[in-house]
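Quick note: residue numbers are just sequence positions, from 1. Counting starts at 1 for both ligands and their atoms, in listed order.
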Amino acid sequence: MRRVSIFGATGSIGQNTIDLIKRAPDDYDVVALSGARNIAQLAKDARDLRAEVAITADATLLPELRDALAGCDVEAAAGPEALVEAAARPADWVMSAIIGAAGLAPGLKALEQGASLALANKESMVCAGALVKASASQHGGRVLPVDSEHSAVFQGLIGEDMAAVERIIITASGGAFRDWPMEKLASATPAQAATHPNWDMGQRITIDSASMFNKALEVIETREFFDVNPDVIEVLVHPQSMIHALVGFNDGALMAHVGPPDMRHAIGFALHWPERRKLPVERLDLAALSQLTFRAPDETRWPALRLAREVMAGGGHTGAVFNAAKERALDHFIAQHIGFMQMAEVVEEVLSRLSDQSCLTNAEMTLDSVLAMDHLARNTADAVIAEL
Ligand code: NAD
Ligand code: MG
């Protein structure tokens, strides 16, 4: 029996993970499941999977969670500290699928107790890649990519020599506004941005797909995960989302990972690694698909991609600032305080205002230093938005 915990269990990645676990319940001993506001879903899954503990990130919802778990022996807990305490409970495999920088502390704690960390929470790598990697190597754990592009690259690198890698190409669908005329983008609404042509994901990452902030985070995540030079990484717009990534080698070969847009492939690969097991995903009929198309991304339409390169050049805490400014800009876009194209303007201005902070690139990285920069960047983003 493998002991597993799922942080962000009620979200899109969390529910896909639970779908796989529920197909083989005798193989897993579920330790912790976490959610935030969807208490009914959290309690149902905790009961079904006989979890040891269920945690809501929202401390005010503890009484509701206790009520929902009444009569069964699942413990109830709440608040950010309880999340970290739950991540300290011994587990073999931990899914990190909280959205945003809030996923960092529980993920690091899971690595500290020696678990393998399946990392959907790309923000952890963007904000604190050095810490995540150091913690994994210090405690004998392993970080396994769950983002579809990174899982594809990881699979493309099995048995290969990193010194022979010339290119890593991650694809992007282009999101909701790929074919919109530029002049319409300024007035795009959150509801319009929250629809995705191919993937069924949470609201925030779907909007980040339309702005390509998601791809910008993934470019930085690629650099951190595979320890490659930023020049090696390319983004390719591929509207069908069937090829997730390609790895190019020094003999000219390009190895592509092709599969249906179903996150259960990448989650299942991380769950069973280093084995491959049968997964309930569609088998592609390439003849029926007939056409896969590609185009270069336009950085006027998607300025986030240009900013990602600045972030990689900055290094240190620049990723934490970029992510936090993006999270705040997204909050304000969802609240309709700022327009769609203003999100990138806000993030660029925050990066510029904080660029002279010596702690941005020089300071030693700790969880506290990352959280302090995250806090500063959120406040700076709020100040920038208030001045607009
Ligand atoms: P989601 O919004 O559907 O779910 C987020 C989960 O985090 C929920 O369980 C929610 O309750 C919890 N949560 C929200 N705020 C929290 C907080 N402050 N503290 C603790 N928990 C909180 O998100 P998602 O689409 O499942 O994405 C989760 C992560 O996986 C993100 O980092 C995203 O970038 C990444 N990812 C998602 C997909 C996808 O297909 N959805 C693909 C690749 C990567
Ligand atoms: Mg992805």
J.: Hey, could you give me each pair passing ring-ring contact (aromatic ring centres under 6.0 Å, His included) that has a residue in residues 83-118? Not counting sequence neighbours.
T.: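 Matches after skipping sequence neighbours: none remain.
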J.: Once ring-ring contact (aromatic ring centres under 6.0 Å, His included) is applied, what residue pairs with a partner in residues 304-325 remain, sequence neighbours excluded?
T.: F213-F322
J.: Can you label the angle between the F269 ring and the F154 ring as parallel, tilted or perpendicular, going by 30° and 60°?
T.: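 F269 and F154: perpendicular rings.
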J.: Of all N, O or S atoms in E218, which has the smallest distance to the Mg ion (ligand 2)?
T.: OE2
J.: Could you identify the N, O or S atom of D147 positioned closest to the Mg ion (ligand 2)?
T.: OD1
J.: Do any pairs count as a ring-ring contact (aromatic ring centres under 6.0 Å, His included) and have a residue in residues 292-313, sequence neighbours left out, and if so which ones?
T.: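 Those involving residues 292-313 are H238-F294.
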J.: Which of the N/O/S atoms in E149 sits closest to the Mg ion (ligand 2)?
T.: OE1
J.: Would D331 and R204 count as a salt bridge (charged side-chain N to carboxylate O under 4.0 Å, His left out) here? Give the steps.
T.: CA-CA 9 Å; D331 292 339; R204 296 178 71 87; 2.8 Å; yes
J.: With no hydrogens and no angle check, do the side chains of S151 and H244 hold a donor and an acceptor under 3.5 Å apart?
T.: no
J.: Under a 4.0 Å heavy-atom cut-off, which residues neighbour ligand 1?
T.: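 For ligand 1, the contacting residues are G8, A9, T10, G11, S12, I13, G35, A36, A57, L83, A97, I98, I99, A102, A120, N121, K122, E123, D147, M201, G202, I205, M263.
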J.: I need the single residue from T171, L292, L286, N198 that forms a side chain to side chain contact (heavy atoms under 4.5 Å, CB included) with M242. Which is it?
T.: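 When side chain to side chain contact (heavy atoms under 4.5 Å, CB included) is applied between M242 and each of T171, L292, L286, N198, only L292 qualifies.
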